[in-house]
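Single-structure report; data block below.
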Amino acid sequence: MEDTEKFEKWHKDPKNWRFGVFYYNPEDKRTFLPKRIKSMGMTINFADTKSVIGLILFLGFAAWVILYTNFHT
């Protein structure tokens, strides 16, 4: 099976979408992929450790920026 076909099959499979929103597929090694409704942008594969760590670091940095600017202005 060609990669594009495999990715489409995984993307359409409801078992790979937790709560219909979070993509979770350990077989899929992509970090970023289209959301369930492709015109809505990109999401991450929550089964990929790098993706989850990156998301946590990004959210932590965003929280730090918000807290720092609120307390030091």
Side-chain angles (χ1 to χ4, degrees):
M1 183 181 306
E2 190 177 318
D3 282 347
T4 309
E5 293 172 6
K6 181 171 51 174
F7 293 151
E8 271 303 310
K9 182 181 172 199
W10 284 341
H11 192 269
K12 290 179 181 177
D13 188 353
K15 290 183 285 184
N16 292 331
W17 293 92
R18 303 293 193 244
F19 307 110
V21 180
F22 303 105
Y23 185 76
Y24 187 92
N25 183 356
E27 293 180 59
D28 192 347
K29 299 303 177 197
R30 295 178 294 171
T31 302
F32 295 100
L33 59 142
K35 287 189 176 190
R36 201 163 192 185
I37 301 171
K38 293 181 180 183
S39 63
M40 297 295 288
M42 303 291 282
T43 188
I44 64 171
N45 182 0
F46 284 89
D48 182 27
T49 307
K50 296 178 301 192
S51 301
V52 174
I53 291 172
L55 178 64
I56 291 169
L57 290 173
F58 173 76
L59 293 175
F61 177 73
W64 178 80
V65 167
I66 290 168
L67 291 172
Y68 182 77
T69 56
N70 283 339
F71 290 122
H72 293 91
T73 55

Ring center gap for F22 and W17 short of 6.0 angstrom: no
Could you tell me whether the side chain of [X] and the main chain of [Y] form a donor-acceptor pair under 3.5 Å?
X: D28; Y: W10; answer: no
X: H11; Y: K6; answer: no
X: N45; Y: N25; answer: yes

Minimum-distance pair of heavy atoms, taken over all atoms of A47 and P26: CB-N, 3.5 Å
Should [X] and [Y] be counted in the same cluster of Ile, Leu, Val, Met, Phe, Trp and Tyr side chains packed under 4.5 Å apart?
X: Y68; Y: V65; value: yes
X: F19; Y: Y23; value: no
X: L67; Y: I56; value: no
X: F58; Y: F32; value: yes

Separation of [Y] [atom2] from [X] [atom1] (nearest 0.5 Å):
X: T43; Y: K38; atom1: OG1; atom2: NZ; answer: 13.5 Å
X: I44; Y: K50; atom1: CD1; atom2: NZ; answer: 11.5 Å
X: D3; Y: K29; atom1: CG; atom2: NZ; answer: 13.5 Å
X: L33; Y: F7; atom1: CG; atom2: CZ; answer: 9.5 Å

Flag if over 12 foreign heavy atoms under 6.0 Å of CD1, I37: no
Atom CE of M40: over 12 foreign heavy atoms under 6.0 Å: no
Cation-aromatic face contact R18/F46, 6.0 Å, 45 degrees: no
Side chain proximity check, P14 to R36, heavy atoms < 4.5 angstrom: yes
Pair E27 + K15, salt bridge at N-O below 4.0 Å: no
